[in-house]
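Along the sequence shown, the residues carry numbers beginning at 1.
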Amino acid sequence: MVGYTRIAFQRMAAGAAVATMGGSAAWTASSPTQSESDKNKTVLNYLSEIHTKISNVEATLGTNGGPETNIGTLKQAAAKELSGSSSKQGGIDVVLGSQWGDEGKGKLVDILSQEYDVCARVAGGSNAGHTIVVDGVKYKFHLLPSGILNRDATCIVGNGVVVHLPSFLSELKSLEASGVEHKGRVFLSDRAHIVFDFHQAVDGTNEKTLGRNKIGTTKKGIGPAYASKISRNGIRIGDLQNWSYFEQRFKALAEHHMTAYPGLEIDIEEQLAYYKSIRPQIQEMTTDTILFTNQKFREGKSILVEGANATMLDIDFGTYPFVTSSNPSIGSVLTGLGVSPRKVRGIYGTVKAYCTRVGEGPFPTELFDDIGQHLTTVGAEYGTTTGRTRRCGWLDIAQMKYSVLVNGFTSINLTKLDVLTGLKELKIGKAYVHEGRYLDSMPACLKTLSECHVEYEVLPGWTEDISTCKTFEELPLNAQRYVLRVQELLDVPIRWIGVGPNRLDQIDRGEGWDLA
């Protein structure tokens, strides 16, 4: 009975939340006729009614809240939610990139992390980049979770991350110079693999060899490090705990690379001396993060996962081979942190109000005109990690629907809406058409994708400055229409809207716009 009631409550609550999200036909399709009183109800009103109905059902069935049914516990939990208590209790929420990266995930993580006890990275390496501006100070993150700026949060670099230790330590020094105390708050997984300098050298060599067919990597050694991992000759951070074992494995790995890449030179003794010198510092931060994370969950701590890269760069789901070497989609949370899927709660997809990508590969809505230049200039579209100019284009709904399908977003974080200000007309790429046929999903074959025609929908733009808007209703009418149309097409509520470059230039429409 308990399980049924809990599931029913969750399904009805989710349905109620969707039913009240006005402004989009997609949300009201299940209730074609609504009274005026229904239209004025909030999500909490519906939840209160559901709670009352569940209580009546319990009374009718004669449940007494004893140890077998535990209905009393469920009622208390529901009451707590309705009373407005923080929902950031004992769960794992995830912020993911939903396009080709650089969507602005770090900004949302920075804001959200003030409410979380633990912040974690779970995939990728120093190829990721997040820039956050706080009180005029610019912070750039590549390996550390940007939640480190919350001085009460513990930060984890999970087992799915590949770590270039010199870069990691440099990042910590940069934080110290900015007055951010990190000692005792940063933990490295003993199962995370190490990126060595020769991995980076190999990365650059591989890109050069590919010539015109290059992938467009950041040359940070991420792919070669994952290749060592998959080849089962990689070295993990935990191996540093036993120096003779680390030394033996390092020599074998270095010699393997020098044999595989003629001309590659590795000063093995110099490298070993370096790692021996930093070993005490790394050991202080090394722990079993799988055990640590699950213990924090059992203690009722709130955990926020900061995704790196994005879905369309996923080694399995992205535009292969122009992808990264990890899984920056929802699956990486489980494999890169060591937690059960039952512990994941909110899944927040971050998407720009337009679209960008860095590096090579297909980009169906890419612009090569003055509008593309506007997006690049006004949006300051230059890579945090590489400094490369990002390619810009219109928002691609066909691609986003695929991302929603893969990740199951419970809410959308729409960033950089302000960059569209001043454009007379806005276009939204609605669908892919290939040889006269509408495609149902992203094609796996890049040749097919490159041959696709994009069908667009045109919406009117706006000229008003939106950077001071604090609520959705303060946005210009055409900006509201744009947001609501995107929400309707994706069939996922948009909770957060970015209206400017600064840390707090963001509208939060509230928890009612989150299906979690």
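In this structure, R509 satisfies the cation-pi test against F472, with its NZ or CZ atom closer than 6.0 Å to the six-membered ring centre and inside 45 degrees of the ring normal.
Scanning both residues, P362 and L449, for their nearest heavy atoms gives CG-CD2, 3.6 Å. V492 approaches F409 most closely through the heavy-atom pair CG1-O, 3.8 Å. The nearest pair of heavy atoms linking K401 to L490 is N-CD2, 4.1 Å. Across L395 and T365, no two heavy atoms sit closer than the pair O-CG2, 4.5 Å. Closest heavy-atom contact between V358 and R388: CG1-NH2, 3.1 Å. Across every non-hydrogen atom of D203 and I222, the tightest pair is OD2-N, 3.9 Å.
Counted by atom type alone, S329 and N327 present zero donor-acceptor pairs between their side chains at under 3.5 Å. A side-chain N or O of N407 and one of T311 form a donor-acceptor pair less than 3.5 Å apart.
One finds the CD atom of E457 at 12.5 Å from the CH2 atom of W394 (value rounded to the nearest 0.5 Å).
Checked by atom type and distance alone, the side chain of N502 never pairs as donor or acceptor with a backbone atom of L504 at under 3.5 Å. Of the possible donor and acceptor atoms, none in the side chain of S178 sits under 3.5 Å from a partner among the backbone N and O of V180. Between the side chain of D508 and the main chain of W496, no donor-acceptor pair closer than 3.5 Å is present. In this structure, the side chain of T154 does not engage the main chain of V118 through any donor-acceptor pair within 3.5 Å. When atom types are taken as modelled, the side chain of N159 and the backbone of T335 share a donor-acceptor pair closer than 3.5 angstrom. Within the 3.5 Å criterion, the main-chain N or O of K183 finds a donor-acceptor partner in the side chain of E181. Using modelled atom types, one side-chain atom of E171 and one backbone atom of L143 make a donor-acceptor pair closer than 3.5 Å. Here the side chain of D197 pairs no donor or acceptor atom with the backbone of I266 at under 3.5 angstrom. A distance-only check finds a donor-acceptor pair linking the side chain of Q200 to the backbone of K220 [under 3.5 Å]. With hydrogens and angles ignored, the 3.5 Å screen pairs a side-chain donor or acceptor of K416 with a backbone N or O of G379.
Applying the ring pair (Phe, Tyr, Trp, His ring centres under 6.0 Å) test to Y402 and every residue at least two apart in sequence or in another chain returns nothing. In terms of the side chain to side chain donor-acceptor pair (under 3.5 Å) criterion, Q480 has no residue partners (sequence neighbours excluded). Partners of D110 under the side chain to side chain donor-acceptor pair (under 3.5 Å) rule, at least two apart in sequence or in another chain, are R503.
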Item checked: Test log, rule side chain to side chain donor-acceptor pair (under 3.5 Å), inputs D314 and Y320 -> CA-CA 8 Å; D314 189 289; Y320 186 89; over 6 Å; no
task: Would you please test S98 and S403 for side chain to side chain donor-acceptor pair (under 3.5 Å) and show each step?
output: CA-CA 6 Å; S98 57; S403 190; 4.6 Å; no
Problem set entry | side chain to side chain donor-acceptor pair (under 3.5 Å) between T421 and W462, intermediate numbers included | CA-CA 6 Å; T421 299; W462 62 90; 2.9 Å; yes
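Ring pair H257/H199 is perpendicular by interplanar angle, where above 60° counts as perpendicular and below 30° as parallel.
A salt bridge between D190 and R236 is absent, with no side-chain N of the basic residue lying under 4.0 Å from a carboxylate O of the acidic one. Under 4.0 Å is where a charged nitrogen must lie from a carboxylate oxygen, and between E103 and K105 at least one such pair does. Of the charged side-chain nitrogens involved, none lies within less than 4.0 Å of a carboxylate oxygen, so that K173 and E176 do not count as a salt-bridged pair. Under the 4.0 Å criterion applied to side-chain N and carboxylate O atoms, D117 and K296 are not assigned as salt-bridge partners. Using a 4.0 Å cut-off between charged side-chain N and carboxylate O, D505 and K107 make no salt bridge. Salt bridge absent: K470 and E474 never bring a charged side-chain N and a carboxylate O closer than 4.0 Å. Note on E306 versus R121: no salt bridge recorded, every NZ/NE/NH1/NH2 to OD/OE distance being 4.0 Å or above.
The environment of CG in D316 is crowded: more than 12 heavy-atom neighbours from other residues, nucleotides or ligands sit within 6.0 Å. Counting heavy-atom neighbours within 6.0 Å of D370 CG, excluding the residue itself, gives a total of 12 or less.
Taking the six-membered ring for Trp, F196 and Y275 have ring centres closer than 6.0 Å. The ring of Y432 has its center no closer than 6.0 angstrom to the ring center of Y438. Ring-centre distance between H164 and H142: not below the 6.0 Å cut-off.
E381 pairs with exactly one of R357, R391, K352 by the salt bridge (Lys or Arg N to Asp or Glu O under 4.0 Å) rule, that one being K352.
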